[in-house]
Structure formats: C-alpha cells, structure tokens
Amino acid sequence: VAADLRQPQIPSGSQQPGATSPISLAGTLAQATAESLMSITLIQLKQKGAPVFMACNIGGFNMRSGIMSIVPPEVSLGLAAQAEIARSFGLPSWGLAGATDAKRVDAQAGAESAFSILAQALAGLTLIHDVGYADMGMSCSADMLVLGNELIGCTRRFLRGIRVDASEIGLETIGAIGPGGNYLLAEETIDLSPADLGGHIEHAGWRLSLPQGARLLWPARQHNPYEKAGRSPIQDARLVVALSLDSEVRKNQLELQIVA
C-alpha cells in the first residue's frame, strides 16, 4: 500500500552480531546490506521509483535477557558505516540515537545519549530515531526526550561550524577595543539566525518562544538629538526580534513565559 501511494518507506532488518548476524561488524554490514537491497527491490518491483531508505538496525546482544542493547559504540559505528553504504547507492539512511540502556535518567543515560547523537550526526545519517528510549528500548521517558532535545540542539550547532568572513571577524571592533579592553559594551552588531536562536531566548527569569524564521538583532540604538552622533548610548540600546512578513507566512506567534 505504501509503495502504491508513493509514501517513503524504511524497510529495516534487526541485526544482533553473534545472534542474528555474524559476530564481526563487517559481516553484519554485508548481511544488512543484502537484506536491505532485497526489501528495496521488492518495493521497486511493486512501484518503480517509490521513495525508500536503505536502513539497518544494528544492536548489541544482551546474553542474559536476549534483549537488544541499543547504545554500545558498535551500534553507532555500524550505523555510520551503513550510512556510507547508503550514500554509495544514492539513498537516504536511518539510524537510532538519543536513547539509553539505563532504566532512569542518570549519568549513564546522559553519556549514552550524547555519544550516540553526536556520533551519528557526524556520520551524516539522514533520519535518526529512538530519541527518548530507555531500558534498552523497552520504555520511553519524557525526561529523556527533554535531555535528547537539548543534546540535539548542541549537536546541530556544532555541525553548523564557524562562518568566517569580514563581518564575523570584526577587525574594526578588535582595533577599537585594543589591548586591555573588553567587549561587554562593544558596538558590534549581533544578528542571530533562526538556527542560532533554537526557537527561544531566555533571560532574567523570562523566556520568549519565537516563531520559525525569527531573527534577533542587537544593538538597536534610538535617535538621540542631544548626542553628537545622533544616537543614544550603547547602554540604552534595545534588543529587536525581527519577524518575517512575506506572503508565505500566515501567522507569527510569540509566547512570553515567566520561568523564575
């Protein structure tokens, strides 16, 4: 049915090295690729050109319980390799990260979630699932979802890297501040994109949730006829939220919360 409707599909077998696939990751990947190609072939025979992922689901094997462990380093390593294989076929890939084998949100949960999210994001997996799963995927935790969301935000910022151009370097500002100065009241303009903002700003006990496409600009200095330069001092500058008003944006909603 999904093929007939041309809905994207993610056919994926589950490989547990030493149990349902070879003990080596190389052997597991060979088997996973063959299984995935079989599924892709069947989908294309049903509906040529139907959108499909190349995916696998590599997990550790808990010999005491038989349950799949979802966070060993071999999981992210295997999925990273699988993503390279998928790219060689020109297909999107699927992974699982942001989960934990721990039964509660603790240091283990934080470490496992952070490692898997960063490792698989760096590997370039197209779609990552399982954020918030706990206890070897046997339950889902709202606390883990919140933690995973924060880690995903950090990872996305890391992946964007550093933009290097004349405005970002700001040689004029560096020269104006000089040795021994500080940048607390520097007049360089801050222009944060929607990706930089992460959907909200928070300060001094309040939190402002911003709509998609909002930008943050500082400083906005009012006109002051009593100042030589015609502008108010930097201490009186305002923070400006800029919203898109083009024809494609039907509604902009801002929400102010008192959080302290």
Side-chain angles (χ1 to χ4, degrees), residues 2 7-17 19-20 25 28 32 36 51-83 86 92-160 194-202 207-212 253 255 257 259:
Q7 293 181 338
Q9 296 183 67
I10 310 177
S12 175
S14 291
Q15 298 81 25
Q16 290 178 281
T20 62
L25 278 178
T28 290
S36 186
V52 65
F53 281 61
M54 173 170 270
C56 65
N57 188 13
I58 297 174
F61 180 50
N62 187 313
M63 297 185 69
R64 175 176 294 177
S65 64
I67 299 174
M68 177 181 285
S69 176
I70 57 177
V71 292
E74 290 81 7
V75 171
S76 291
L77 180 59
L79 291 172
Q82 175 262 334
S93 55
W94 179 86
L96 52 100
T100 181
D101 283 351
K103 297 182 182 296
R104 62 180 182 176
V105 180
D106 55 13
Q108 176 187 341
E112 292 173 342
S113 180
F115 172 77
S116 58
I117 288 172
L118 182 58
Q120 293 180 42
L122 288 172
L125 277 85
T126 310
L127 176 65
I128 296 178
H129 191 264
D130 283 21
V131 177
Y133 282 12
D135 193 14
M136 301 186 184
M138 300 303 291
S139 64
C140 187
S141 163
D143 292 343
M144 277 295 295
L145 282 170
V146 173
L147 175 61
N149 183 61
E150 290 296 319
L151 294 170
I152 289 168
C154 294
T155 300
R156 284 179 171 173
R157 177 62 190 91
F158 186 84
L159 293 178
R160 287 202 305 273
D196 294 326
L197 288 172
H200 71 273
I201 55 175
E202 189 169 326
R207 178 188 179 105
L208 180 63
S209 299
L210 302 170
Q212 186 175 3
Q253 181 173 333
E255 181 179 346
Q257 295 177 299
V259 296

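Quick note: residue numbers are just sequence positions, from 1.
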Does [X] have any side-chain hydrogen bond (donor to acceptor under 3.5 Å, both in side chains) partners at least two apart in sequence or in another chain, and if so, which?
X	answer
Ser76	Gln120
Ser139	none
Ser209	none
Thr28	Ser21

Point to revise | Enclosure of Arg160 CZ (heavy-atom neighbours >12, cutoff 6.0 Å) | key: yes

Study note, to complete from the structure: Value for CE (Met68) from CG (Asn62), rounded to nearest 0.5 Å, stands at 11.5 Å

Practice item. With rounding to the nearest 0.5 Å, note down the distance linking CG in Leu79 to CD1 in Ile128. Key: 9.0 Å

Side chain to side chain contact (heavy atoms under 4.5 Å, CB included) against [X], all qualifying residues, sequence neighbours excluded:
X	value
Ala19	Gln16, Phe61
Pro211	Ala214, Leu243, Asn252, Leu254
Ile67	Ser65, Met136, Met138
Gln253	Lys251

[X] and [Y]: which non-hydrogen atoms are nearest, and at how many Å?
X	Y	answer
Ala83	Ala123	CB-O, 4.2 Å
Met54	Ala86	SD-CA, 3.7 Å
Ser69	Val75	O-CG2, 4.0 Å
Ile10	Ala55	CG2-CB, 3.7 Å

Table please: side-chain donor-acceptor pairs of residues 93-100 below 3.5 Å, with sequence neighbours left out.
{"residue": "Ser93", "atom": "OG", "partner": "Thr126", "partner atom": "N", "Å": "3.2"}
{"residue": "Thr100", "atom": "OG1", "partner": "Ala102", "partner atom": "N", "Å": "2.9"}
{"residue": "Thr100", "atom": "OG1", "partner": "Glu112", "partner atom": "OE1", "Å": "2.6"}

Check your understanding: Given side chains that start at C-beta, do those of Pro11 and Val52 come closer than 4.5 Å, heavy atoms only?
Key -> yes

**Study point:** Residue pairs, two or more places apart or on separate chains, that pass salt bridge (charged side-chain N to carboxylate O under 4.0 Å, His left out) and touch residues 119-141
**Key:** Lys103-Asp135

Point to revise | Pairs satisfying salt bridge (charged side-chain N to carboxylate O under 4.0 Å, His left out), at least one member in residues 59-78, at least two apart | key: none

Review point. Can Asn57 and Ser12 be counted as having a side-chain donor-acceptor contact under 3.5 angstrom?
Key: no

Side-chain donor/acceptor pairs under 3.5 Å, residues 143-158, sequence neighbours excluded:
{"residue": "Thr155", "atom": "OG1", "partner": "Leu151", "partner atom": "O", "Å": "2.9"}
{"residue": "Arg157", "atom": "NH1", "partner": "Gly161", "partner atom": "O", "Å": "2.9"}

